[in-house]
Protein chains: 2
Amino acid sequence: MSARRATITDVARQAGVSPSTASVVFSGKTPVSDATRLRVLEAAAELGYTGPDPRAASLRRGRSGIVGVVFEEHLGTVFLDPVKTRMMDGLADGVASLGAGLLLLRDDVSQGAGPHGAQPTLTTAPLDAAVLVGCSGMLRESLAVVRSRGIPVVVIEGDAGDGVPRIELDNREAQRQAASHLRSLGHDRVAIVTLPLRTGRGRGRLEDGESITIDVTRERLAGARDVYPDAAVFASAGSFIDEGLAAGRALFSVDGPRPTAVLAQSDLLAAGVIRAAEEAGLRVPEDVSVTGFDGIVVDGLAPYELTTLVQPAADKGRAAGMAVAAMLAGEDAASIRFTCVFREGNTTAVAP
Amino acid sequence: MSARRATITDVARQAGVSPSTASVVFSGKTPVSDATRLRVLEAAAELGYTGPDPRAASLRRGRSGIVGVVFEEHLGTVFLDPVKTRMMDGLADGVASLGAGLLLLRDDVSQGAGPHGAQPTLTTAPLDAAVLVGCSGMLRESLAVVRSRGIPVVVIEGDAGDGVPRIELDNREAQRQAASHLRSLGHDRVAIVTLPLRTGRGRGRLEDGESITIDVTRERLAGARDVYPDAAVFASAGSFIDEGLAAGRALFSVDGPRPTAVLAQSDLLAAGVIRAAEEAGLRVPEDVSVTGFDGIVVDGLAPYELTTLVQPAADKGRAAGMAVAAMLAGEDAASIRFTCVFREGNTTAVAP
DNA sequence: TTGTAGGCGTTATCAC
DNA sequence: GTGATAACGCCTACAA
């Protein structure tokens, strides 16, 4: 119809009231007489005005109603990871009270000042707050960006430092529990399959003194080493069944003495390891015991039921959401540490 | 530090240049001498200025860099549905060229003018474009809201009408294929388990002349009825294994002649039906054949491999993303219709 | 290459 | 209950 969209000023003029009055009709912040309200609403209808422009409103108010969720990986991958999926679920719940939406973002700090890099990232998205989902090597940089923007941040699974609330897991203690379980079953030759060590590092044996920048990996490894300081360590390139399979093949194909048990840092990795064991003609748990981590339901793993640590993934997300809401309300939010529950399945048994 | 955050004007003053020059340094739209650039950047660093405020920038530019994805259900539920998950994956890809982020939204048109309903919905979020994920009974209303806001929309799986591009599936033809397959195996007594008929309608037999407002359901049902016009129809309340189980129980517990085959409108429903069959002491596929729809990997269904229609879920998402990008670029996007591929598994066999 | 001016559409504040 | 005024912070013609 018209060349440009109607604004609240147009509506006000049409209704014969002032812009502020028209504004109030839509925001409901101040009482308005029924008569005027009606006039304004009619005018709006005539002009096809559907309400304040969110961009202008958010500039004026200083709030956009958007909470950013930052992941390290390609967004699609996020949806493949059951733990993240559950966490998002909880997070959506947690910010609901805020009435905010979740904006999915990638961890690409690089952009921003570039000549034409139009990526809307952490730097350029209109966020009220951000939730960083850890395990990220880039965590530090992302955090710096967000903090310098001065918006509230919560970190899930990562070392945030300073006054940034974090939502954590008792990774080390939990993993130690699984290791102790194996120890009590008499296992001596134990191998460990870890999550990625660093961004971009491929799979392979952990070298002596190699640095581990991903917190979850380091913590869980520490827990395993509390019990088995000398265990062989094979690093994966991600939490996938295929990665576990590759790791398992490497572990079971060596000439020397085979491990009698494998501590995997995720359920998906564990599933892959089990598959590798079967390939190698080993029975689980009779010949090899395998433990996982996460407590998710792994697809196609039946009839195995992993011995694993069950983590409260959804609760973590919800807690993060609530923390963000609190910070936006001016209160300050405390860090929370969640606890895993050990669950014994049928993939561990007495050492052969 | 300071009472309020630094603005680009502050930076300009500090650097001894005009605001527009400072702006240009950050946007890179116009060449700036190295000397000035440096001065501006230094000033910015001193003041802790990290770049233009996205809210202000988006008001000025008229673009927010945000594409809304609208689902009908509680957001958490989205992540539980493998088909949606795959679709999001593709969608993230599709809008990547645009450099836009995805904002997850619920289909709550109701809010908006309410006295205190602060939900940031379709009405109030700063969107450049929207993708409506169909199957939604509220589709019409959501669509109206978005269109009246004048932003580009794409609908996945739903009747958009007018000039709204849609991303569709050949639901009817595909489902007809599965039905024909059963027919060729000699099945006569076939039952159909559908996806929900309408928002809020519980599970139960389809009444005569009952209306079906959800497009996918209606189309797939039509395809089944092309082959089996008189089949009994049981409607589920959602695409879940448990719903399929409930439906299966209803179908297998009747006194009359049992169906020898069940056409389920989703793989998850099919999995539930299979479970119900086992409960009832029926063997699949010897006593009952079961077909699904979607072609996802169903958790814990091994050793069954569903006979099903494989839909290109990720491609659908990607296509939607690309359509949105095109529309924002001023081109107009065409509707696309994707085709399912029939895949025979081990859950169908010759009628007993 | 840099500066000036005006407006993007809204809403908070305060006076009436 | 209603209206005038002044930002919110930035960007882009256009002029210099």
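Not measured: the values here are computed from a predicted model. Convention: sequence-line order gives letters A, B, ...; per-chain numbering from 1.
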NA contact type, [X], heavy-atom cut-off 4.0 Å: base, sugar-phosphate, or nothing?
X	answer
A:Leu59	base
B:Thr36	sugar-phosphate
A:Thr7	sugar-phosphate
B:Val17	sugar-phosphate

Check: B:Ser20 side chain, C:dT4 base, donor-acceptor under 3.5 Å: yes

Base D:dC10 to side chain B:Arg60, donor-acceptor N/O within 3.5 Å cut-off: no

Residue [X], side-chain atoms from C-beta onward, closest of [options]:
X	options	result
B:Ala56	D:dC10, C:dT2, C:dG9	D:dC10
A:Thr9	C:dT2, C:dA12, C:dT10	C:dT10
B:Ala57	D:dG3, C:dT10, D:dC10	D:dC10

Short side-chain N/O contact to C:dG3 OP1/OP2 from B:Thr21, under 4.0 Å: yes

Salt bridge present between A:Lys316 and A:Glu157 (N-O < 4.0 angstrom): yes

Residue B:Met322 excluded, over 12 heavy atoms near CE under 6.0 Å: no

